[in-house]
Amino acid sequence: MSKFEDTYRHKGLRKKLIDLLREKGITDERVLQAMNAIPRHFFLDSAFDEIAYEDRAFPIQEGQTISQPYTVAYQTQLLQLAPYNKVLEIGTGSIYQATVLAEMGATVYTIERQKKLFEQSKKFVFRDKYPNLKFFYGDGYEGLPTFGPFDKVIITAAAPFIPPKLVEQLKPGGKMVVPVTEGELQRMLRITKMADGTCTQEAFDNFSFVPMLTGKND
Ligand code: SAH
């Protein structure tokens, strides 16, 4: 069977995962609907087919991970997407999180520093379905100054600090959701840029991400 088949069994397991996310406290129905529409097993090696709908992170190539569904739902909910928002994502990885944002109608600019992972986006199975999803190879700390400013920024790797250039690339009224390292874990923060350019900060739960590294890796 091709990996790119979404069977009744997959759909059933996915529905259960969505119910679990709701039980865990995710309330934004648009987020839950988008995740219910996207076959997560398409984003994983076929060896994970049986467990793709468990609420767990899994390894992808280059020692990286696909985020846990709860984490994807949590970060996406905190972004408070509005129609046609322009979103910058740092850490394309498996493309799953970026696809959730694209499914919700955002225009998504996603950056990956691992060349091999970036190359995979060229054969992304949903390339035609989401013309609003654009892939970049580069260092996320730099952002994409020529494509900004952005309504929203989402960082999906553990940031040692809030990257200043990404704050610069936020529109007034824009928000950034970023897991910032505090000891062993990361604290999820939401930065809001005010009309006068100053920022406010809210703190949420702790999570565990792979590190946000500097520079590109060919
Ligand atoms: N959003 C991804 C999560 C992947 S894990 C998903 O849904 O699967 C985090 C990713 O961030 C890894 O692929 C890692 O290579 C990438 N990353 C780490 N530091 C980065 C940086 N400075 N710029 C861009 N990508 C980075």
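Every number for a ligand or one of its atoms is a count from 1 in the order of the listing. Index from 1, following the sequence. Here the structure is a predicted model, which means the values were calculated and not measured.
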Under 4.0 Å from a heavy atom of I90: which atoms of ligand 1 are those, numbered in the order shown and with their elements?
23 (N), 24 (C)

Under a 4.0 Å heavy-atom limit, does E62 contact ligand 1 with its side chain, its backbone, both, or neither?
neither

Around atom 22 (N) of ligand 1, find the nearest protein heavy atom and jot down its residue, atom name and distance.
L213 O, 2.5 Å

The protein heavy atom nearest to atom 4 (C) of ligand 1 is T65 O, 2.9 Å

Considering heavy atoms of the protein only, find what lies nearest to atom 26 (C) of ligand 1 and give residue, atom and distance to 0.1 Å.
R113 CG, 3.6 Å

Which protein heavy atom lies closest to atom 8 (O) of ligand 1, and at what distance to 0.1 Å?
S94 OG, 2.6 Å

Taking non-hydrogen atoms only, is Q64 closer than 4.0 angstrom to ligand 1 via side chain, backbone, both or neither?
side chain

Ligand-residue contact atoms, ligand 1 with M212, heavy atoms, under 4.0 Å:
18 (C), 19 (N), 22 (N)

Heavy-atom distances under 4.0 Å decide this one: backbone, side chain, both or neither, for T92 against ligand 1?
backbone

Nearest non-hydrogen protein atom, atom 23 (N) of ligand 1:
G140 N, 2.7 Å

Atom indices of ligand 1 within 4.0 angstrom of P211 heavy atoms, with elements:
18 (C), 19 (N)

Atoms of ligand 1 under 4.0 Å from any heavy atom of I111, numbered from 1 in the order shown, are 24 (C), 25 (N)

With distance as the sole criterion, is a donor-acceptor pair present between the side chains of E103 and Q33 under 3.5 Å?
no

Is it true that E168 and K165 make a salt bridge, defined as a side-chain N closer than 4.0 Å to a carboxylate O?
no

Check whether any N or O atom of G215, backbone or side chain, sits under 3.5 Å from an N or O atom of ligand 1, and answer yes or no.
no

E29 bridged to R22 by N-O distance under 4.0 Å:
yes

Between D55 and K24, does at least one N-O distance fall below 4.0 Å, as a salt bridge requires?
yes

Side chains of T92 and E112 only: does a donor on one sit below 3.5 Å from an acceptor on the other?
no

Check ion pair D218-K116 (N to O, under 4.0 angstrom)
no

For the pair Y53 and H41, evaluate ring-ring contact (aromatic ring centres under 6.0 Å, His included) and give the outcome as yes or no after the intermediate values.
CA-CA 8 Å; Y53 294 98; H41 65 285; 5.7 Å; yes

Closest protein heavy atom (residue, atom, distance) for atom 7 (O) of ligand 1
Q97 N, 3.1 Å

Would you say T156 has any N or O atom under 3.5 Å from an N or O of ligand 1, going by distance alone?
yes

State, to 0.1 Å, how close F209 and S67 come at their nearest heavy-atom pair, and which atoms those are.
CE2-OG, 4.2 Å

Nearest non-hydrogen partners of I60 and S94, listed with the distance:
CD1-N, 3.5 Å

Please check if any side-chain donor atom of Q97 sits under 3.5 Å from a side-chain acceptor atom of T76, or the reverse.
yes

Against heavy atoms of V210, which atoms of ligand 1 measure under 4.0 Å?
5 (S), 9 (C)

Over 60° means perpendicular and under 30° means parallel, so classify the ring planes of F135 and F124, tilted if in between.
perpendicular

Are R9 and E50 ion-paired here, with the side-chain N under 4.0 Å from a carboxylate O?
yes

Per-atom filter on ligand 1: closer than 4.0 angstrom to a heavy atom of L117 are 13 (O)

For atom 13 (O) of ligand 1, what's the nearest protein heavy-atom neighbour? Residue, atom name and distance, please.
E112 OE1, 2.8 Å

I need the contact type for Q114 against ligand 1. Using non-hydrogen atoms and a strict under-4.0 Å cut-off, is it side chain, backbone, both or neither?
side chain

What residue and heavy atom of the protein are closest to atom 11 (O) of ligand 1, and at what distance?
G91 CA, 3.1 Å

Going by heavy atoms, is K216 under 4.0 Å from ligand 1?
no

On the 0 to 90° scale, with breaks at 30° and 60°, tag the F126-Y130 ring pair as parallel, tilted or perpendicular.
perpendicular

